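Small disclaimer: the values here were computed from a predicted structure and weren't measured.
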Amino acid sequence: MRRALSWTVVVLTALVLQSTLFSQVTLAGVKPELVYLVTIVLAFLEGPSSGAVAGFAGGMAQDFLLNQPKGITALTLTLVGYAVGTIRQYIVTPSPLLPVVLVGGATVVGVMFYGVVAFLLGVAVGTSFLIKVALLAGVYNAVLTPILFPVLRRVAESSRARKVFRW
């Protein structure tokens, strides 16, 4: 219960920061995708099922908070969270750059997937604009990862159940 509550607070905080503070701080007109970042880091730390659940919840919240087509962000973040969690099980390097590269790359792929699904549903999406937004959002999230990853890792570690040994 405590674990679900703490991750709910993290996802909602990321959504609020993304829609208020970071909507004003842009990089060449592109804002960071904090919900993507939180979903990817959670999937990286906790696995595919936690990443998919957080992605779905954060995506639905983002779709309803921002005036976007309903369900596209939820679908995208669910798939990204599950894919990152699954891929992480096969990566064995202890490199500190791994989360940065993973968050940047997964954000680019997620934003591109969002654009393709939106296009298939009839939303006008410019290809060059989509590529620019995806790359800049990936760079922005990669830059924010070294700042936010330790905080999110600490939340993950503190929310895990303690092992109790009984004699």
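Residues V125 and G115 approach most closely at CG2-O, 3.9 Å, considering heavy atoms. Contact between G71 and M60 at its shortest, heavy atoms only, is CA-SD, 4.2 Å. Pairing each heavy atom of V111 with each of A137, the nearest pair is CG2-CB, 4.4 Å. The nearest pair of heavy atoms linking A134 to V108 is O-CG2, 3.3 Å. Across all non-hydrogen atoms, the minimal contact from V11 to G58 is CG1-CA, 3.6 Å. Residues A142 and G104 share a closest heavy-atom pair of CB-CA, 4.2 Å.
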For this session: Walk me through it: do L102 and V41 pass the test side chain to side chain contact (heavy atoms under 4.5 Å, CB included)?
Result: CA-CA 9 Å; L102 197 60; V41 169; over 6 Å; no

For this session: Take L152 and L37 through the test side chain to side chain contact (heavy atoms under 4.5 Å, CB included) and record every step on the way to the result.
Result: CA-CA 10 Å; L152 296 173; L37 190 145; 4.1 Å; yes

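The shortest distance between side-chain heavy atoms of V10 and L42 does not fall below 4.5 Å. In this structure, the side chains of V84 and T39 stay at 4.5 Å or more apart for every pair of heavy atoms. In this structure, P96 and F149 have side chains that are not in contact, with every pair of non-hydrogen atoms separated by 4.5 Å or more.
For the atom pair OH of Y114 and OH of Y36, the computed distance is 7.5 Å after rounding to the nearest 0.5 Å. Atom CG of residue L97 and atom OG1 of residue T145 lie 11.0 Å apart, to the nearest 0.5 angstrom. With rounding to the nearest 0.5 Å, the separation of CZ in R153 from CZ in F44 is 9.0 Å. The OG1 atom of T127 sits 8.0 Å away from atom CE of M112, with the distance rounded to the nearest 0.5 Å. Rounded to the nearest 0.5 Å, atoms CG (L21) and CG (L34) are 9.0 Å apart. For the atom pair L17 CG and L144 CG, the distance stands at 10.5 Å (nearest 0.5 Å).
Taking hydrophobic clusters as Ile, Leu, Val, Met, Phe, Trp and Tyr residues chained together by side-chain heavy-atom distances below 4.5 Å, L148 does not share a cluster with V101. When the side chains of ILVMFWY residues are joined at heavy-atom separations under 4.5 Å, either directly or via intervening members, W7 and L65 end up in a single hydrophobic cluster. L98 and V139 end up in the same hydrophobic cluster when Ile, Leu, Val, Met, Phe, Trp and Tyr side chains are linked at under 4.5 Å. L12 and F64 end up in different hydrophobic clusters when Ile, Leu, Val, Met, Phe, Trp and Tyr side chains are linked at under 4.5 Å. Hydrophobic clustering (side-chain heavy atoms under 4.5 Å, transitive across Ile, Leu, Val, Met, Phe, Trp, Tyr) keeps V116 apart from V109.
Cation-pi geometry between K31 and Y140 is not met: the NZ or CZ atom fails to fall both under 6.0 Å from the ring centre and inside 45° of the normal.
Listed for the Q18 side chain is a donor-acceptor partner under 3.5 Å among the backbone atoms of V35. A distance-only check finds a donor-acceptor pair linking the side chain of S19 to the backbone of V16 [under 3.5 Å]. Put simply, the side chain of R88 gets close to the backbone of I91: a donor and an acceptor are under 3.5 Å apart. In this structure, the side chain of N141 does not engage the main chain of T107 through any donor-acceptor pair within 3.5 Å.
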Identify every side-chain donor-acceptor pair in residues 73-82 under 3.5 Å, counting partners at least two apart or on other chains, and give the distances.
{"unit_1": "T73", "atom_1": "OG1", "unit_2": "D63", "atom_2": "OD1", "d": "2.7"}
{"unit_1": "T73", "atom_1": "OG1", "unit_2": "Q68", "atom_2": "OE1", "d": "3.2"}
{"unit_1": "T76", "atom_1": "OG1", "unit_2": "I72", "atom_2": "O", "d": "2.8"}
{"unit_1": "T78", "atom_1": "OG1", "unit_2": "F56", "atom_2": "N", "d": "3.4"}
{"unit_1": "T78", "atom_1": "OG1", "unit_2": "A74", "atom_2": "O", "d": "2.6"}

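Scored by the side chain to side chain contact (heavy atoms under 4.5 Å, CB included) test, P146 finds V100 as partners (sequence neighbours excluded).
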